[in-house]
Amino acid sequence: MRSDRIKKGVDRSPHRGLLYSTGLSPSEVKKPFIGIASSFTDLVPGHAGMRDLERSIEKGIHSGGGYSFIFGVPAVCDGISMGHCGMRYSLPSRDLIADCIETVASAHALDGLILLTNCDKITPGMIMAAVRLNIPAIVVTAGPMADGSCEGEAVTLIRGTFEAVGQYKAGKITEDQLEKLELSSCPGIGSCQGLYTANTMACLSEIMGISMPGCAAAGATSAKKKRIAFDSGLKIVDLVSKDIKPSSIITRDSVRNAIIADLSLGGSTNSILHLLAIANEAGIDVTLKDFDELSNKTKQIIKLDPSSTLTMTDLEKAGGIPGVIKNLMDGNTELVDTNTVAEMKISDIAKKAWVDTNVIRTTNNPVTEEAGLAVLSGNIAPDGAVIKVSGVDKECFNFKGIAKIFNSEEEAMESIDNDKIKAGDILVIRYEGPKGGPGMREMLAPTSTIMGKGLGKLVALITDGRFSGGTRGLCIGHMAPEAALGGPIALIKDGDEIEININKRSLNVLISDKELEKRKQGFKEVPLKVDKGYLLKYAKNVSSANQGAVSKPQN
């Protein structure tokens with residue numbers, strides 16, 4: 001066993017002495033050592049219930065003949081860190097989490113890992129650690145929260161709070177109504193109800209096979225979630241005995257499967273960053289070209305909040321991710337039959353699945369003929385940009401507007417709040433990319449306020465920052481190269497006309513190449529917004545968004 005390096009032989013007597021001090025017995029030292037990387041914190045709603053799941057996982061590990069050790073990793077709630085400087089830390093925390101898990105698992109020679117996660121950047125960070133370490137690992141996502149309800153009306157985090165703020169500012173609801181909504185929108189623990197980043201990554205973890213079947217959509221407070229946690233603990237000991245590693249699960253085929261599912265579900269645009277980062281970490285050749293290629297072959301078979309009123313609860317009732325796999329495989333999509341940590345092929349999962357085709361449509365009867373996500377490119381974003389097509393009204397697929405330039409999210413919010421944004425405007429928010437932000441902040445506050453004010457079909461927003469999975473409307477992010485690198489988004493001026501054409505996958509500022517080149521020659525590098533700490537390290541080492549915004553030492 002890998003753990004023998006800290007517990008076997010005469011020279012390891014001091015190591016065993018220290019292990020015994022924690023309460024282990026000589027018989028337990030002989031068992032496989034399984035780490036439970038827990039992101040529990042009562043700061044994050046999606047993670048506040050993890051103590052129960054830790055117990056279920058421990059029971060499974062010990063029932064399987066292993067010995068468990070819990071260790072903690074950071075967790076950031078994007079919703080709470082949104083709209084202020086705290087959001088700068090969200091994406092960088094993904095790389096920090098991977099480093100933390102690598103450090104503990106390597107220093108203590110763990111034989112296997114259960115990765116207990118739920119929200120946004122924690123899940124991809126944990127998977128990055130799993131493929132980097134390449135020791136047996138299973139991801140357990142803690143599950144979505146229940147749907148909210150306010151005076152007989154179903155509400156979710158996005159519609160009940162972020163968009164409600166815009167409604168309040170537009171005078172459509174009172175402060176009393178806003179307070180009722182915010183008290184009702186998140187009724188308990190779990191990841192937020194829609195197909196935002198947390199639940200998107202849970203779904204894609206299951207599709208890739210690194211989570212047990214049924215894990216993604218099982219509710220945070222359900223007995224099913226506890227059973228899956230127990231089974232995961234039981235299974236990891238088996239994987240260790242058989243030396244089944246992430247490299248046999250996370251492959252080019254399984255990552256492309258995740259892309260297909262992502263496009264079919266219309267997941268968070270953040271998932272593109274994360275899948276690219278996971279592929280990068282695993283040494284797998286997957287790029288934005290794969291997303292572009294597959295988007296032209298993929299139809300959307302379900303729409304969830306914020307693009308519809310359906311939630312993760314509805315997905316679970318309709319068959320969950322096994323049901324999605326069934327309909328995708330029955331539809332002869334590009335999906336490849338890959339392995340899972342359950343030691344089943346995804347085709348075996350599909351055969352056993354029940355699916356409500358009124359909710360999870362077949363590929364012959366899709367919600368839309370278009371994929372839920374798309375990659376756009378043009379003279380503003382030669383290295384690509386991404387958009388959640390499922391959240392865009394079709395009448396906006398071809399949109400021309402006039403640029404209004406903002407060099408930060410705060411500048412844009414001031415104009416939105418003061419009603420300076422009018423129909424036909426295209427907000428350009430720049431210097432919010434991986435390096436320029438730093439940390440590539442999400443723009444949920446501007447987008448949700450625009451929706452709440454009733455401007456969702458009338459204005460567009462483009463940025464080198466990111467969007468929450470809860471964003472809807474004509475919002476394009478991940479512009480590459482970013483402004484801080486001298487990308488063309490830095491060269492746009494107030495009053496420039498911009499054309500967005502989703503059908504043609506194009507995004508262009510309507511000026512001549514000569515004029516664009518002239519502006520490029522006059523570009524002056526803007527100083528970094530930070531001068532110390534973790535964010536400075538991140539800003540100096542982060543790659544472009546089209547490469548997954550991964551932090552690696554630069555030459």
Side-chain angles (χ1 to χ4, degrees), residues 1-8 12 15-16 18-25 27-41 47 50-75 93-118 121-142 205 210-212 215 228-250 278 281 341:
M1 289 185 290
R2 176 182 162 98
S3 59
D4 285 346
R5 70 181 69 163
I6 64 167
K7 65 187 185 183
K8 196 170 184 180
R12 294 296 177 254
H15 304 64
R16 291 192 295 274
L18 289 167
L19 289 167
Y20 293 149
S21 77
T22 69
L24 270 76
S25 70
S27 62
E28 290 167 327
V29 168
K30 297 174 183 177
K31 295 176 179 178
F33 282 7
I34 310 297
I36 302 173
S38 174
S39 49
F40 164 78
T41 170
H47 295 234
M50 285 182 173
R51 287 296 185 229
D52 280 348
L53 295 179
E54 289 172 359
R55 290 186 64 210
S56 296
I57 292 166
E58 283 181 314
K59 290 175 182 177
I61 291 169
H62 289 270
S63 296
Y67 194 88
S68 66
F69 299 88
I70 298 174
F71 64 94
V73 298
S93 75
R94 183 191 66 185
D95 299 65
L96 183 64
I97 288 161
D99 291 347
C100 287
I101 294 170
E102 175 200 352
T103 299
V104 174
S106 298
H108 293 268
L110 298 175
D111 296 303
L113 288 168
I114 294 289
L115 304 168
L116 181 55
T117 175
N118 212 21
K121 313 307 170 290
I122 300 99
T123 301
M126 288 188 167
I127 298 175
M128 288 166 68
V131 298
R132 183 187 302 174
L133 290 162
N134 201 30
I135 61 175
I138 298 176
V139 169
V140 177
T141 49
S205 298
I210 198 72
S211 288
M212 297 288 278
C215 185
I228 289 171
F230 176 87
D231 289 343
S232 297
L234 196 67
K235 192 65 186 176
I236 190 63
V237 184
D238 188 40
L239 296 187
V240 168
S241 70
K242 295 174 180 175
D243 198 28
I244 296 175
K245 299 174 181 177
S247 56
S248 65
I249 307 295
I250 306 293
I278 290 165
E281 195 69 62
V341 289

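Keep in mind it's a predicted model, so treat the numbers as computed, not measured. Note that the numbering runs from 1 along the sequence shown for the chain.
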Enter the distance from [X]:[atom1] to [Y]:[atom2] here, rounded to the nearest 0.5 Å.
X: Ile249; Y: Leu239; atom1: CD1; atom2: CG; result: 7.5 Å
X: Arg16; Y: Lys7; atom1: CZ; atom2: NZ; result: 10.5 Å
X: Cys215; Y: Asp231; atom1: SG; atom2: CG; result: 10.5 Å
X: Thr141; Y: Ile210; atom1: OG1; atom2: CD1; result: 12.0 Å
X: Leu24; Y: Leu19; atom1: CG; atom2: CG; result: 6.0 Å
X: Asp95; Y: Cys100; atom1: CG; atom2: SG; result: 11.0 Å

Q.
Test your reading of the model: is there a side-chain donor-acceptor pair from Asp111 to the backbone of Ile34, 3.5 Å cut-off?
A.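 Answer holds: no.
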**Q.** Ser3 side chain vs Pro32 backbone, donor-acceptor pair below 3.5 Å
**A.**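 Absent.
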Q. Is any side-chain N of the basic residue among Glu58 and Arg55 closer than 4.0 Å to the acidic one's carboxylate O?
A.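 Salt bridge absent between Glu58 and Arg55.
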Considering all heavy atoms of both residues, which atom of [X] and which atom of [Y] are nearest to each other, and what is their separation?
X: Phe40; Y: Glu54; answer: CB-OE2, 3.6 Å
X: Pro74; Y: Leu96; answer: CG-CD2, 4.2 Å
X: Lys121; Y: Ser93; answer: CB-OG, 3.9 Å
X: Ile61; Y: Val237; answer: O-CG2, 3.6 Å
X: Ala142; Y: Met50; answer: CB-CE, 3.9 Å
X: Ile236; Y: Gly233; answer: CG2-O, 3.1 Å

Flag side-chain contact, heavy atom, 4.5 Å: [X] against [Y]:
X: Val29; Y: Tyr20; value: yes
X: Lys8; Y: Met1; value: no
X: Phe71; Y: Thr103; value: no

Q. Between Phe33 and Tyr67, what is the ring plane arrangement, given parallel below 30°, perpendicular above 60°, and tilted in between?
A.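 Tilted, since the angle between the ring planes falls between 30° and 60°.
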(Q) Here's a test for you: under side chain to side chain contact (heavy atoms under 4.5 Å, CB included), which of Ile36, Leu116, Leu115 qualifies with Val140? (A)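 Looking at Ile36, Leu116, Leu115, the match for Val140 under the side chain to side chain contact (heavy atoms under 4.5 Å, CB included) is Leu116.
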Under 3.5 Å, which donor-acceptor pairs link side chains of residues 124-138 to any protein atom two or more places apart or in another chain?
unit_1, atom_1, unit_2, atom_2, d
Arg132, NE, Glu281, OE2, 3.0
Arg132, NH1, Asp99, OD1, 2.9
Arg132, NH1, Glu102, OE1, 2.7
Arg132, NH2, Glu281, OE1, 3.1
Asn134, OD1, Ser247, N, 3.0
Asn134, OD1, Ser247, OG, 3.2
Asn134, ND2, Ser247, OG, 3.3

Q: Go through the structure and list residues passing salt bridge (Lys or Arg N to Asp or Glu O under 4.0 Å) with Lys245, not counting sequence neighbours.
A: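 Here the qualifying residues are Asp243.
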Q: Apply the test side chain to side chain contact (heavy atoms under 4.5 Å, CB included) to residues Lys30 and Ser25: give CA-CA distance (whole Å), side-chain angles for both, the deciding distance (0.1 Å), then the verdict.
A: CA-CA 9 Å; Lys30 297 174 183 177; Ser25 70; over 6 Å; no
Q: Indicate whether the side chain of Thr117 and that of Ser39 have a donor and an acceptor atom separated by less than 3.5 Å.
A: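 Not at all, the side chains of Thr117 and Ser39 share no donor-acceptor pair under 3.5 Å.
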